[in-house]
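Accompanying notes for the structure given below.
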Amino acid sequence: MPELPEVETVRRGLTRLVQGATIDHVDVYYAKMVRPDAEIFTADLIGRKIEKIDRRGKYLLFRFSGNLTMVSHLRMEGKYDVQPEESPIPKHTHVIFHLTDNRELRYNDTRKFGRMRLVETGTEDVELPSLGKLGPEPTAETLTLAYMQQTFGKSHKVVKPFLLDQSRIAGLGNIYVDEVLWLSKINPLTPADTLTKDQLGTLRQNIIAEIAMAIKGHGTTVHTFSTAFGEAGNFQNHLHVYGHEGEPCERCGTEIVKIKVAQRGTHFCPHCQPYPPEALEEMQDD
DNA sequence: ACGATATCCTGCTTGC
DNA sequence: TGCAAGCAGGATATCG
């Protein structure tokens, strides 16, 4: 599942391959994937030049000539690749951007969860409310401790779904949330407003460092992610808890457990990340 | 306004 | 062996 580091890796690969290329025409094979409807979508893109590719959180923003932006979200399994036009078309290819140099930019998505949206450049924050409401990027400059103290302090939500909320911090997904909580020795069921300043400082440092390291490693190949640009993601070698249930914790040897928190699979070490009193009380009730 | 829940999809895993 | 049911999950819509 692409999270921020994977999307950034895709952005860099696409920039290298198709920045400056011009769209000849577009074929949409799965109409629900695009907006406005496929007819308008394909008509609007004819003759446009890909001037730049930006990213915000997990969203890709293709900047086209003529003030047009395509906002693309890969969701679970979306992938782009660039192929010569004679190359066979795989089963789950849903959109093909035919370029004028006889190459094709193809969008593949097994589960059809990804979405593309065409808007006038500059209006994306309004046209896509979830994009406009994104929290700060997880970097040292943009994610300040003061911001974290303020936002965490105001919420009773438990920290796992809190960190998955893109309007709080942009770009974290299920894998990296489990990882940074393990690194920070914070139980995923801890209410956000009970975290101390020290804990928030540790969490902040781990988020920033983990995302930066994952970008350096070209993302993770957990499940079906690969960059398709000749840069195989190798970050899975650095995962400590995600997908490691039943294995000993690298720090203390206690068995890593997997539970459900807010409907999401959640991995942690019950010794290094002890349950908060709130969670223990809830467990008494059962 | 907020939280909880259902929905979208397909492929893989699990269980009988 | 075969097949049905269960599970995975980011964003969004809907309900209370």
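Chain letters run A, B, ... following the sequence lines, proteins first and then strands; every chain starts at 1.
Looking only at atom types and distance, the side chain of A/Asp193 has a donor-acceptor partner in the side chain of A/His156 under 3.5 Å away. If you check the side chains of A/Asp178 and A/His267, you find a donor sitting under 3.5 Å from an acceptor. Counted by atom type alone, A/Lys160 and A/Asn187 present zero donor-acceptor pairs between their side chains at under 3.5 Å.
One can place CG of A/Leu172 at 15 Å from P of C/dG9, the figure rounded to the nearest angstrom. One can place CZ of A/Arg115 at 19 Å from P of C/dG9, the figure rounded to the nearest angstrom. In this structure, the CG atom of A/Leu74 is 13 Å from the P atom of C/dG10, given to the nearest Å. Atom CD1 in A/Ile259 sits about 13 Å away from atom P in C/dG9, given to the nearest Å. Here the P atom of nucleotide C/dA11 and the CE atom of A/Met116 are 16 Å apart, to the nearest Å. Atoms NZ (A/Lys32) and P (C/dA13) sit 13 Å apart, rounded to a whole Å. The nearest whole Å value for the distance from the CG atom in A/Leu4 to the C1' atom in C/dG10 is 14 Å. Atoms CZ (A/Arg117) and P (C/dA11) sit 16 Å apart, rounded to a whole Å.
Residue A/Phe113 and nucleotide C/dA11 are not classified as a stacked aromatic pair, given the requirement of ring centres less than 5.5 Å apart at an interplanar angle below 30°.
First and last contacting nucleotides of DNA chain B toward chain A (any atom under 4.0 angstrom from a heavy atom, 5' to 3' order): B/dT5 to B/dG11.
If you look at A/Tyr29 and A/Tyr107, their ring centroids are not closer than 6.0 Å. Here A/His73 and A/Tyr59 bring their ring centres to under 6.0 angstrom of each other.
Nearest-nucleotide positions on DNA chain B place A/His156 closer to the 5' end than the other of A/His156 and A/Tyr30.
One donor-acceptor pair, N or O on each side, does fall under 3.5 Å between the base of C/dG10 and the side chain of A/Arg264.
Every residue meeting the side-chain hydrogen bond (donor to acceptor under 3.5 Å, both in side chains) condition with A/Glu127, not counting sequence neighbours, appears here in chain and number order: A/Arg117.
Put simply, the side chain of A/Thr142 does not reach to within 4.5 Å of the side chain of A/Tyr147, judged on heavy atoms. Looking at A/Ile207 and A/Tyr176, their side chains never come closer than 4.5 Å, going by heavy atoms from C-beta outward.
Across all strands shown, A/Gly173 has no heavy atoms under 4.0 Å from either base or sugar-phosphate atoms. Across all strands, A/Lys260 comes closer than 4.0 Å only to sugar-phosphate atoms, never to a base (heavy-atom distances).
OP1 or OP2 of C/dA11 lies within a sub-4.0 Å distance of a side-chain N or O belonging to A/His73.
Ring geometry for A/His98 against A/His25 counts as parallel: the plane angle stays under 30°, on a 0 to 90° scale with 60° as the upper cut.
Remark: nothing in residues 120-127 of chain A comes within less than 4.0 Å of DNA chain C through any heavy atom.
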